Enquirer: 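Before I ask anything, let me first share the structure, which is written out below as structure tokens.
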Amino acid sequence: LWPWLLASSGLSALVQLVTLPFFPDSPSYLLIQKGNEEACRKAVRKLWGEGDHQAEIDDIMKEKAAMTSTKTLRVLEVIKERSLRWQLYILMTVMTTLQLCGINAIYFYSFEVFHTAKFEEYLIPYVSLGVGLCECLSSILCSTLIDRFGRKVLLWGGYTLMCSVLALLTMTLSLQHQFFWMHYFSVILIFLFVIFYGIGP
């Protein structure tokens with residue numbers, strides 16, 4: 001089953017490869033990058049149908065004017081620019097915490113936790129698949145929550161809940177030989193951690 005599951009990602013790539021030539025180019029790309037207003041109007045008509053779309057084209061023109069007036073900075077200039085310093089610090093912090101949040105360790109050790117929880121050998125790959133499915137579904141859920149609560153709340157909430165789950169997971173793994181039900185609690189915590197990771201970071 002696993003070879004077929006891994007090969008299924010190639011199916012979506014094949015569908016994209018076949019259908020992409022029939023899709024119109026982005027109107028903003030045609031107008032801003034290529035400077036071709038006629039091709040932009042054709043793409044707009046193809047995407048939104050016949051009608052007056054001058055307001056949308058005017059918005060793209062305003063975006064083009066704003067981009068031409070903005071100076072493009074090199075990496076070293078971005079680092080030296082004092083007005084961008086806080087944004088740079090925040091970006092570096094978010095990216096660093098994302099790499100060190102523990103999701104890779106959870107994926108690496110989850111198989112061992114499932115094995116210790118006395119799951120049948122043939123069931124463990126499906127439970128692992130369930131963990132991946134949880135991350136996928138929580139990421140979809142995040143896209144609906146981000147408009148309602150904002151990125152900051154989801155980041156803080158996600159990291160706080162992930163820290164709590166990791167603390168509990170450390171405790172359950174330490175006590176797993178004393179209480180038989182701790183194994184199952186550890187499995188639940190792994191699923192919760194993955195859900196909070198998908199919603200937060």
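Worth saying up front: this structure is predicted, and the values here are computed from it rather than measured.
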Enquirer: Test side chain to side chain contact (heavy atoms under 4.5 Å, CB included) on E56 and M61 and set out the steps.
Expert: CA-CA 9 Å; E56 287 83 0; M61 292 294 281; over 6 Å; no

Enquirer: When rounded to the nearest 0.5 angstrom, what is the spacing between SG in C40 and CG in L31?
Expert: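 Here the rounded value is 4.5 Å.
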
Enquirer: Grab the two heavy atoms, one from T97 and one from V94, that are nearest each other, plus how far apart they are.
Expert: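 Closest approach of T97 to V94: OG1-O, 2.9 Å.
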
Enquirer: What are the two closest non-hydrogen atoms of K46 and F22, and how far apart are they?
Expert: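 Minimum heavy-atom contact is NZ-O, 3.7 Å.
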
Enquirer: Find out whether L168 and M171 are in side-chain contact, i.e. whether some heavy atom of one side chain is under 4.5 Å from a heavy atom of the other.
Expert: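 Touching, per the 4.5 Å side-chain cut-off.
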
Enquirer: Assess whether atom CD of E112 is packed by more than 12 heavy atoms of other residues, nucleotides or ligands within 6.0 Å.
Expert: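 Check fails, neighbour count at 12 or below.
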
Enquirer: Work out which heavy atom in S83 is nearest to a heavy atom in E81; give both atom names and the distance.
Expert: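 Heavy-atom minimum between the residues: OG-OE2, 3.1 Å.
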
Enquirer: When rounded to the nearest 0.5 angstrom, what distance separates CE in M95 from CD1 in I90?
Expert: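 The distance works out to 14.0 Å.
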
Enquirer: Grouping I, L, V, M, F, W and Y whenever their side-chain heavy atoms are under 4.5 Å apart, do V153 and L145 come out in a common cluster?
Expert: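 Same hydrophobic cluster.
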
Enquirer: Going hydrophobic residue to hydrophobic residue with side-chain gaps under 4.5 angstrom, can you get from V127 over to Y122?
Expert: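 V127 does not cluster with Y122.
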
Enquirer: Answer whether the closest heavy-atom distance between the side chains of F108 and I103 falls below 4.5 Å.
Expert: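 Result no, sub-4.5 Å side-chain heavy-atom pair not found.
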
Enquirer: Hey, quick one: are Y29 and L47 part of the same hydrophobic cluster, counting side-chain heavy atoms closer than 4.5 Å, chains of contacts allowed?
Expert: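 They do not share one cluster, since no chain of ILVMFWY contacts under 4.5 Å joins Y29 to L47.
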
Enquirer: Is N36 close to E38 at the side-chain level, that is, under 4.5 Å between some pair of heavy atoms?
Expert: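 The answer is yes, as the side chains (C-beta and beyond) meet within the 4.5 Å cut-off.
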
Enquirer: In residues 180-201, what donor-acceptor pairs under 3.5 Å come from side-chain atoms, sequence neighbours left out?
Expert:
{"residue": "H183", "atom": "NE2", "partner": "Q176", "partner atom": "O", "Å": "3.3"}
{"residue": "S186", "atom": "OG", "partner": "T172", "partner atom": "OG1", "Å": "3.0"}
{"residue": "S186", "atom": "OG", "partner": "M182", "partner atom": "O", "Å": "3.0"}

Enquirer: Might you point out which heavy atoms bring E77 and R74 nearest each other, and give the distance in Å?
Expert: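 In terms of heavy atoms, the two residues are closest at OE1-N, 2.8 Å.
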
Enquirer: When rounded to the nearest 0.5 angstrom, what is the spacing between CH2 in W86 and OG1 in T93?
Expert: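 One gets 9.0 Å once the value is rounded to the nearest 0.5 Å.
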
Enquirer: Can you name the nearest heavy-atom pair linking D147 to S143, along with the distance?
Expert: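 Minimum heavy-atom separation between D147 and S143: OD2-O, 4.0 Å.
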
Enquirer: Tell me, do I106 and L169 make a side-chain contact under 4.5 Å, heavy atoms counted?
Expert: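 They are in side-chain contact.
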
Enquirer: Between CD1 of I124 and CZ of F114, what distance do you get to the nearest 0.5 Å?
Expert: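 Spacing of CD1 (I124) from CZ (F114) equals 8.5 Å.
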
Enquirer: Any chance you could measure Q87, atom CD, to M92, atom CE, to the nearest 0.5 Å?
Expert: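 If I round to the nearest 0.5 Å, the distance is 13.5 Å.
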
Enquirer: To the nearest 0.5 Å, what is the distance between NZ on K152 and CD1 on I146?
Expert: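 With rounding to 0.5 Å, NZ (K152) is 14.0 Å from CD1 (I146).
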
Enquirer: Return yes if some donor-acceptor pair links the side-chain N/O of R85 with the main-chain N/O of K80 below 3.5 Å, else return no.
Expert: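 Flag set: sc R85 to bb K80 pair under 3.5 Å.
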
Enquirer: Passes side-chain hydrogen bond (donor to acceptor under 3.5 Å, both in side chains), Y126 versus E120? Steps please.
Expert: CA-CA 10 Å; Y126 295 102; E120 295 288 340; over 6 Å; no

Enquirer: Are the side chain of S164 and the backbone N or O of T160 linked by a donor-acceptor pair below 3.5 Å?
Expert: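 Checking the backbone N and O of T160 against the side chain of S164, a donor-acceptor pair under 3.5 Å is found.
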
Enquirer: Is the closest side-chain heavy-atom distance between L133 and L137 below 4.5 Å?
Expert: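 L133 vs L137: side chains touch.
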
Enquirer: Out of curiosity, does F179 fall in the hydrophobic cluster containing L173 (side-chain heavy atoms, cut-off under 4.5 Å, transitive links)?
Expert: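 Yes, one cluster joins them.
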
Enquirer: What are the two closest heavy atoms between C101 and Y159, and how far apart are they?
Expert: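 Nearest pair, atom of C101 first, then Y159: CB-CE2, 4.0 Å.
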
